[in-house]
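For reference, the structure is listed below as structure tokens.
Worth knowing before you read on, the calculation uses all heavy atoms, side chains too, and leaves out hydrogens, waters and symmetry mates. Each chain gets a letter, A, B and so on, in the order the sequences are listed, and its residues count up from 1.
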Number of protein chains: 2
Amino acid sequence: MTTPSGVEAELGWALGTVTRAHLRAAQDVVGGLPGGPRGYQVLAAAATGEAGSQLALGRQLGVDRTVMTYLLDELEQAGLVARTPDPADRRARRITLTESGQARLCALERSLRAAEDDLLAPLDSGERAELRALLLRVATRVGGPAITCTEAEALS
Amino acid sequence: MTTPSGVEAELGWALGTVTRAHLRAAQDVVGGLPGGPRGYQVLAAAATGEAGSQLALGRQLGVDRTVMTYLLDELEQAGLVARTPDPADRRARRITLTESGQARLCALERSLRAAEDDLLAPLDSGERAELRALLLRVATRVGGPAITCTEAEALS
DNA sequence: TATTGTTATACTCTATAACTATA
DNA sequence: TATAGTTATAGAGTATAACAATA
């Protein structure tokens, strides 16, 4: 394989292109799910109960809190998630999966994995794992738990 | 490092998070450049003369042709690019860099590389190269030259 | 008839600001 | 006073449709 030149040698171009392709593939898979691919991410996050509030959930997903409201409205109306007040802080709402939401999530996970493998077809299985691992390491530093600390420090 | 769970184990989450972070960093770097990060990508593509038309350029960058018009209007008005009619097909316009555009591009490239290295700080230099290479391989299959063929076939 | 580029319009998505309730 | 969530509004960004020039 020759070394690419011009835009096609750019990290930004590669990131944008792969992300767009992944988004298109995900959109096909999630079909009529409220909120599309992001709705799926909300379900996945709610399943593990990682985020204790809508705000934290939004930060994790890179979504504004006002958008989270609409997103959760749709998912709640579809009977996939429930908003329960946090006993410790009654301003905050904990997002939990309903049984229906749990089932939907499980069904989607497998199709999504298949779509991702299709997207990563140019790579062998070892390389796919490596790409996932590398991206994850960058992401967790940049936008994952670390960002909460960074923001907390910046606010103090 | 422990294996992440939930959304943070998802390829889609990692891609989105890293792409957003890269976009933020790029936006800081390109500053007042017309079109922001995408304006830079147009300059980078024009520098090598890869794309023979606005339409091809848009496809390469994942941008609608109507958006390309506005984008190029701004860049042309800023004296960074020029639209010259293609002698072979007078409907198409070839996008070329002006001297000013060339200088601007060179100046931006270094700052952008620095910002990207900062983004990829969690990885050592070997891993950064590997991540770039893996992403590039997926992107060139999915959205690069291959997409032109795919779309051409789909249209026939 | 199909395609490149332009323009105008409409639509979607997102952010901003104001409000309520809790802290 | 500050924060979580909601709502309404305004703004940015994007796509759709109609048009002119060329193939």
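For the pair A:Arg59 CZ and D:dG5 P, the computed distance is 10 Å after rounding to whole Å. Rounded to an integer number of Å, the gap from A:Arg91 CZ to D:dA4 C1' is 6 Å. Protein atom CZ of A:Arg93 is 15 Å distant from nucleotide atom C1' of C:dA23, rounded to whole Å. Atom CG of A:Leu61 is separated from atom C1' of C:dT14 by 15 Å (rounded to the nearest Å).
With hydrogens and angles disregarded, a donor-acceptor distance shorter than 3.5 Å links the side chain of B:Thr48 to the backbone of B:Ala45.
Backbone-only engagement by B:Arg38 is indicated by non-hydrogen atom pairs under 4.0 Å involving sugar-phosphate atoms exclusively.
B:Glu116 pairs by the side chain to side chain donor-acceptor pair (under 3.5 Å) definition with B:His22, B:Arg132, not counting sequence neighbours. Applying the side chain to side chain donor-acceptor pair (under 3.5 Å) criterion to A:Asp64, with sequence neighbours excluded, gives A:Thr66. Residues satisfying the side chain to side chain donor-acceptor pair (under 3.5 Å) test with A:Glu127, not counting sequence neighbours, are B:Arg137.
Of the residues near DNA chain C, B:Ala56 and A:Gly62, the one whose nearest nucleotide (by heavy atom distance) lies more toward the 5' end is B:Ala56.
For B:Asp64, the side-chain atoms get nearest to D:dA15 when compared with the rest of D:dG5, C:dT4, D:dA15.
Heavy-atom distances under 4.0 Å link DNA chain C to A:Thr66 of residues 65-86 of chain A, given in residue order.
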Enumerate, atom names and distances included, each donor-acceptor pair closer than 3.5 Å involving a side-chain atom of residues 75-86 of chain B, sequence neighbours excluded.
{"unit_1": "B:Glu76", "atom_1": "OE1", "unit_2": "B:Arg83", "atom_2": "NE", "d": "3.2"}
{"unit_1": "B:Glu76", "atom_1": "OE1", "unit_2": "B:Arg83", "atom_2": "NH2", "d": "3.3"}
{"unit_1": "B:Arg83", "atom_1": "NH1", "unit_2": "B:Gln54", "atom_2": "OE1", "d": "3.2"}
{"unit_1": "B:Arg83", "atom_1": "NH2", "unit_2": "B:Asp73", "atom_2": "OD1", "d": "2.2"}
{"unit_1": "B:Thr84", "atom_1": "OG1", "unit_2": "B:Arg94", "atom_2": "O", "d": "3.4"}
{"unit_1": "B:Asp86", "atom_1": "OD1", "unit_2": "B:Ala88", "atom_2": "N", "d": "2.8"}

Scan the side chains in residues 105-114 of chain B for donor-acceptor partners under 3.5 Å anywhere in the protein, sequence neighbours excluded, and list what turns up.
{"unit_1": "B:Ser111", "atom_1": "OG", "unit_2": "B:Ala107", "atom_2": "O", "d": "3.2"}

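Proximity of B:Arg90 to the phosphate of D:dA21: no side-chain N or O atom is located under 4.0 Å from OP1 or OP2.
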